Amino acid sequence: MLTVLPSYDQIKALPLTHETTVSAEWIDVMGHMNVAYYTAAFSQAMQQIRSSVGLHNDLVHERQIGAFAIETHTRYVSELRIGDRLEIHSRVLDRSPSRKRLHAMHFMLDADQQLLSATFEAIVANVDLKERRMAPILPEVLIQLDSLIEQHRGLEWAPPTCGILSCR
């Protein structure tokens, strides 16, 4: 089945969750950004989503709650090279009925070339850090998260998911 990727403009309409410039240290022997740095950048974007719905680092420390990535899928679309400006825009797709898991998708853009560089789909578990077990998302965070999910469900384009990941 052919996956239809969103346009650059559709992605740009999503919340900007991370931006940076590809540094020389991130370049591998093939002359492009190494996969480890894609993951690091997507991790920064996920942290920004969490902060935007109220799950900021102070709350993590105070309430001993956090989030663990439990499953991911990355699709590489076009190269990033040294000096390229990248932006990540993010879309929250769903949450589990148990209120313990979240399904999100990030889109990395080459801002200079106006191209999609990669997508990153993730299932993230909300975790009680004392027990080291999944726990329900805090009610005050859940309100903001559900609002963001509804907003993103209203978009006119389907997310290009891998078709395997689900938080249900």
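As a basis for the values below, the full set of heavy atoms in this structure was taken, side chains included, without hydrogen atoms, waters or symmetry mates. Note that this is a predicted model, so its numbers are computed, not measured.
Applying the side-chain hydrogen bond (donor to acceptor under 3.5 Å, both in side chains) definition to pairs two or more places apart or across chains, those involving residues 61-70 are Arg63-Glu140.
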### Task
Please report the C-alpha distance between Leu138 and Ile65 in whole Å, then the side-chain angles of each, then the deciding distance to 0.1 Å, and finally whether the side chain to side chain contact (heavy atoms under 4.5 Å, CB included) criterion is met.
CA-CA 9 Å; Leu138 296 172; Ile65 52 163; 3.1 Å; yes
### Task
Please assess Val77 against Ser117 for the test side chain to side chain contact (heavy atoms under 4.5 Å, CB included), listing each intermediate value before the final yes or no.
CA-CA 5 Å; Val77 181; Ser117 178; 5.9 Å; no
### Task
For Thr161 and Leu93, run side chain to side chain contact (heavy atoms under 4.5 Å, CB included): C-alpha distance rounded to whole Å, both residues' side-chain angles, the deciding distance at 0.1 Å, then the answer.
CA-CA 10 Å; Thr161 62; Leu93 306 177; 3.7 Å; yes
### Task
Take Met108 and Leu116, measure what side chain to side chain contact (heavy atoms under 4.5 Å, CB included) needs, and give me the verdict at the end.
CA-CA 6 Å; Met108 184 180 291; Leu116 176 62; 5.7 Å; no
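Taking Gln10 as the reference, Pro6, Ser7, Glu156, Trp157 meet the side chain to side chain contact (heavy atoms under 4.5 Å, CB included) condition, with sequence neighbours excluded. When the side chain to side chain donor-acceptor pair (under 3.5 Å) test is applied to Glu150, the partners found at least two apart in sequence or on another chain are Arg153. Under the salt bridge (Lys or Arg N to Asp or Glu O under 4.0 Å) criterion, Asp128 pairs with no residue, sequence neighbours left out. With sequence neighbours left out, Tyr8 forms a ring pair (Phe, Tyr, Trp, His ring centres under 6.0 Å) with no residue at all. The side chain to side chain donor-acceptor pair (under 3.5 Å) search around Arg75 returns none, not counting sequence neighbours.
Annotation: Arg133, atom CZ; neighbour count of heavy atoms from other residues, nucleotides and ligands within 6.0 Å does not exceed 12.
Both Ile137 and Leu55 sit in one connected hydrophobic cluster of ILVMFWY residues. Membership requires side-chain heavy atoms under 4.5 Å apart, directly or through other members. Cluster annotation: Leu80 and Val35 are assigned to the same hydrophobic cluster (Ile/Leu/Val/Met/Phe/Trp/Tyr, side-chain heavy-atom contacts under 4.5 Å, transitive). Residue Phe42 is grouped with residue Ile27 when hydrophobic side chains (ILVMFWY) are merged at heavy-atom distances under 4.5 angstrom, including chains of intermediate members. Hydrophobic clustering keeps Met46 apart from Met105 (ILVMFWY residues linked when any side-chain heavy atoms are closer than 4.5 Å, directly or through intermediates). Leu142 is connected to Leu102 through a chain of hydrophobic side-chain contacts under 4.5 Å among Ile, Leu, Val, Met, Phe, Trp and Tyr, so both are in one cluster.
Counting heavy atoms from C-beta outward, Pro160 and Leu5 have side chains that approach closer than 4.5 Å. The side-chain heavy atoms of Met33 and Leu86, taken from C-beta on, include a pair separated by under 4.5 Å. Between Ile11 and Leu109, some side-chain heavy-atom pair lies under the 4.5 Å cut-off. You'll find the side chain of His73 stays beyond 4.5 Å of the side chain of Ile164, heavy atoms only. Between Val60 and Leu129 the shortest side-chain heavy-atom distance falls below 4.5 Å. At least one side-chain heavy atom of Phe107 sits less than 4.5 Å from a side-chain heavy atom of Leu14. For the pair His89 and Pro15, the minimum side-chain heavy-atom distance is 4.5 Å or more. Proximity of Phe68 to Val124: side-chain heavy atoms (C-beta onward) are nowhere separated by under 4.5 Å.
Using a 3.5 Å distance cut-off with no hydrogens or angles, the side chains of Glu79 and His32 do pair a donor with an acceptor. Ser51 and His56 share no side-chain donor-acceptor pair at under 3.5 Å. Side chains of Glu121 and His106: a donor-acceptor N/O pair is absent below 3.5 angstrom, by distance only. Inspection of the Asn57 and Gln47 side chains reveals an N or O donor paired with an N or O acceptor under 3.5 Å.
When all heavy atoms of Ser78 and Leu115 are compared, the pair lying nearest together is OG-CB, 4.0 Å. Contact record, Leu59 with Gly54: CD2-O, 3.2 Å, taken as the closest heavy-atom pair. Residue Thr17 comes nearest to Ser90 through the heavy atom pair OG1-OG, 2.7 Å, listed as atom of the first residue, atom of the second, then distance. Taking all atoms of both residues into account, the shortest heavy-atom contact from Ser52 to Gln144 is O-OE1, 3.5 Å. For Ala36 against Asn34, the heavy-atom pair with the smallest separation is N-OD1, 2.8 Å. In plain terms, the two heavy atoms of Glu19 and Leu16 that are nearest each other are OE2-CD2, 3.6 Å.
A distance of 12.0 Å separates CD in Gln44 from OG1 in Thr39, rounded to the nearest 0.5 Å. Taking CZ of Arg91 as the start and OG1 of Thr119 as the end, the distance is 12.5 Å to the nearest 0.5 Å. Rounded to the nearest 0.5 Å, atoms CD1 (Ile88) and OG1 (Thr20) are 9.0 Å apart.
Judged by distance alone, with hydrogens and angles left aside, the side-chain atoms of Asn126 form no donor-acceptor pair with the main-chain N or O of Lys100 at under 3.5 Å. Remark: side-chain polar atoms of Arg101 are paired, donor with acceptor, to backbone N or O of Cys167 under 3.5 angstrom. The main-chain N or O of His103 is never found under 3.5 Å from a side-chain atom of Arg95 such that the two would form a donor-acceptor pair. The backbone N or O of Arg81 sits less than 3.5 Å from a side-chain atom of Asp84, completing a donor-acceptor pair.
You'll find the ring centres of Tyr38 and Tyr76 inside the 6.0 Å limit.
Ring planes of Trp26 and Tyr37: parallel class, angle under 30° (limits at 30 and 60°).
For the pairing with Arg85, the side chain to side chain donor-acceptor pair (under 3.5 Å) check across Asp112, Thr21, Asp110 returns one residue only, Asp112.
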